[in-house]
Amino acid sequence: MFGFIRPVKPELKVREVERFQSVYCGLCHEIRRRYGQLQTGFLSYDMTFLALILQAVDSECTEVEHARCIASPVRKKTVAVSSPMLAYTADISALLTYHKIQDTLQDESGAKRMAAVGLERLVRADYRKAQKLLPELDVIIRQCLDELLVLEKQQTPSLDRTADTFARILQAIAPKEQPELVQRVMQQMFYHTGRWLYLIDACADLKDDFRTGSYNPVRFRFKLETPDLTPIKEQMERTLERSLLDIHNAYQLLPLHQDEGLIGNIIDLGLPLITRQVLDGTYHVNGGHETHGSL
């Protein structure tokens with residue numbers, strides 16, 4: 001994933017900061033237990049957000065324990081204990097990691113492609129395990145990414161078509177075990193989160209994509225001659241804010257049993273802040289691609 005979804009730490013209570021970190025660490029431990037140490041290197045704040053939502057909708061509150069790890073071999077950290085929702089998120093992480101590497105193999109050349117070839121071999125067994133556990137989700141991810149690849153090769157100028165294709169991946173993550181109404185709300189929330197992620201990533205990558213000649217939907221939609229978002233800033237603000245509003249509205253309908261303040265901080269403060277930073281060109285200055293670790 002991308003690492004854009006994170007809370008605004010100064011606006012959190014101390015216990016909320018600790019809670020976010022405990023879920024992050026708990027998910028890291030869960031991934032290591034299920035798939036090994038290498039997979040923990042792909043953990044992002046985005047997956048922590050997903051784990052928070054899934055656990056908050058679950059009626060059982062998550063307990064914590066204290067454990068050491070490679071990142072903290074001496075001092076024990078507070079860690080969310082293993083749970084079905086953490087396990088589910090770990091499986092999703094393994095699936096997405098593999099497909100992300102496959103996407104890199106399609107898009108890159110030279111040293112980056114060679115590195116992806118090596119990584120693909122290392123995580124192939126992990127992918128097969130996750131695929132057996134989540135076969136339907138794996139099919140949807142593969143189909144959506146294949147559709148996206150076709151659109152990219154066609155250099156489609158449509159933001160909606162490309163963003164929709166990626167958003168359907170996150171939409172499919174909503175657990176089917178939930179009551180129908182809750183599942184539908186989660187699907188809407190995850191869909192618009194995926195749409196926002198795809199578009200904000202395209203904006204953040206505009207300069208790099210100009211440099212490498214890679215497809216970027218924002219560039220082709222607005223026929224940009226230079227990697228400057230200034231002329232289209234207001235238009236991108238409107239389309240991104242539409243997704244943020246839909247995420248907020250779906251969030252308001254979710255029956256949360258815990259972490260309401262923390263999740264609200266991420267949705268109502270964190271996502272708008274990242275939006276402003278990316279469109280203003282200050283995102284990299286403000287942390288950029290620090291996608292994992294301590295807040």
Side-chain angles (χ1 to χ4, degrees), residues 1 5-7 15-16 19-20 22-24 26-27 29-31 33-34 43-64 80-96 99 129-144 163-198 242-271:
M1 297 291 277
I5 304 177
R6 63 184 74 177
R15 59 179 172 82
E16 290 171 336
R19 171 62 177 163
F20 184 88
S22 72
V23 173
Y24 176 90
L27 181 55
H29 279 260
E30 189 70 33
I31 291 172
R33 276 191 293 267
R34 296 172 76 82
L43 174 59
S44 72
Y45 291 141
D46 302 340
M47 299 308 298
T48 306
F49 172 73
L50 174 61
L52 278 167
I53 294 292
L54 294 175
Q55 291 187 132
V57 173
D58 195 25
S59 59
E60 294 185 12
C61 292
T62 309
E63 297 181 0
V64 296
V81 300
S82 179
S83 70
M85 289 298 98
L86 275 183
Y88 179 57
T89 309
D91 297 337
I92 293 170
S93 179
L95 277 184
L96 292 175
H99 286 293
K129 177 181 177 181
Q131 182 188 36
K132 289 179 181 179
L133 293 169
L134 302 172
E136 293 181 14
L137 179 58
D138 177 67
V139 170
I140 292 172
I141 293 173
R142 188 182 297 276
Q143 289 175 342
C144 288
D164 169 77
T165 307
F166 182 82
R168 283 188 277 119
I169 294 175
L170 267 68
Q171 183 181 44
I173 287 173
K176 292 181 172 56
E177 294 78 13
Q178 295 292 337
E180 182 180 357
L181 180 59
V182 176
Q183 184 183 349
R184 285 168 54 193
V185 172
M186 291 181 74
Q187 286 175 342
Q188 284 298 301
M189 183 178 178
F190 290 163
Y191 175 89
H192 291 290
T193 301
R195 183 181 187 276
W196 178 86
L197 270 173
Y198 182 82
R242 187 179 74 188
S243 288
L244 293 180
L245 179 60
D246 288 332
I247 295 168
H248 170 84
N249 289 340
Y251 157 69
Q252 292 295 315
L253 295 174
L254 279 180
L256 302 181
H257 298 279
Q258 58 182 331
D259 299 326
E260 186 172 350
L262 174 54
I263 295 170
N265 175 290
I266 295 171
I267 291 172
D268 294 332
L269 298 179
L271 301 189

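Take S22 and apply the side chain to side chain donor-acceptor pair (under 3.5 Å) test, not counting sequence neighbours, and it matches no residue. Evaluation of the ring-ring contact (aromatic ring centres under 6.0 Å, His included) rule for H29 yields no partner, not counting sequence neighbours. Scored by the salt bridge (charged side-chain N to carboxylate O under 4.0 Å, His left out) test, D259 finds R19 as partners (sequence neighbours excluded). For A51, the side chain to side chain contact (heavy atoms under 4.5 Å, CB included) partners are V23, L27, L86, T89, not counting sequence neighbours. Listed by chain and residue number, V8, E11, N265 satisfy the side chain to side chain contact (heavy atoms under 4.5 Å, CB included) test with L269 (two or more places apart in sequence, or in another chain). With sequence neighbours left out, S83 forms a side chain to side chain donor-acceptor pair (under 3.5 Å) with Q55. The side chain to side chain donor-acceptor pair (under 3.5 Å) search around D268 returns H248, not counting sequence neighbours. Qualifying side chain to side chain donor-acceptor pair (under 3.5 Å) partners for R242, counting only residues two or more places apart in sequence or in other chains: none. With sequence neighbours excluded, the residues forming a salt bridge (charged side-chain N to carboxylate O under 4.0 Å, His left out) with D164 are R168, listed by chain and number.
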Which side-chain N or O atoms in residues 135-143 pair as donor and acceptor under 3.5 Å with protein atoms at least two apart or in another chain?
from	atom 1	to	atom 2	distance (Å)
D138	OD1	H99	NE2	2.8
D138	OD1	Y127	OH	2.9
D138	OD2	Y127	OH	3.0
D138	OD2	Q131	NE2	3.2
R142	NH2	Y127	OH	2.5

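Atom CD of Q171 is separated from atom OG1 of T193 by 11.0 Å, given to the nearest 0.5 angstrom. Atom OH in Y191 sits 11.0 Å away from atom CG in L170 (nearest 0.5 Å). With rounding to the nearest 0.5 Å, the separation of CZ in R6 from CG in D46 is 8.5 Å. To the nearest 0.5 angstrom, Q258 atom CD is 8.0 Å from D58 atom CG. Between the CD atom of E16 and the CG atom of L262 there is a distance of 6.0 Å, given to the nearest 0.5 Å. Separation of atoms CE (M186) and NZ (K176) is listed at 11.5 Å; rounding is to 0.5 Å.
Each salt bridge (Lys or Arg N to Asp or Glu O under 4.0 Å) pair with one or both residues in residues 184-195, not counting sequence neighbours, appears once here: D160-R195. Listed by first then second residue, pairs satisfying salt bridge (Lys or Arg N to Asp or Glu O under 4.0 Å) with a partner in residues 81-91 read R34-D91, not counting sequence neighbours.
Looking at V182, L181, V185 one by one, the single match for side chain to side chain contact (heavy atoms under 4.5 Å, CB included) with P255 turns out to be V182.
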Practice task
Show your working on side chain to side chain contact (heavy atoms under 4.5 Å, CB included) between L244 and I267 and close with a plain yes or no.
Solution key: CA-CA 8 Å; L244 293 180; I267 291 172; over 6 Å; no
Exercise for the section: Give the intermediate values and the outcome of side chain to side chain contact (heavy atoms under 4.5 Å, CB included) for residues F49 and I266. Expected result: CA-CA 8 Å; F49 172 73; I266 295 171; 3.7 Å; yes
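Heavy atoms only, all atoms of each residue included: Y88 and I173 are closest at OH-O, 2.5 Å. The two atoms that bring S82 and R33 nearest to each other are CB-NH2, 3.5 Å, heavy atoms only. Heavy-atom minimum distance, I263 versus L52: CD1-O, 4.0 Å. Residues W196 and L271 come closest through the heavy atom pair CZ2-O, 3.5 Å.
Between Q178 and V57, the closest side-chain pair of non-hydrogen atoms falls below 4.5 Å. In this structure, the side chains of I169 and F190 stay at 4.5 Å or more apart for every pair of heavy atoms. E260 is listed as a side-chain neighbour of Y251, based on a closest heavy-atom distance under 4.5 Å.
By the 6.0 Å contact criterion, CD on Q252 is enclosed, its count of non-hydrogen atoms from other residues, nucleotides or ligands being greater than 12.
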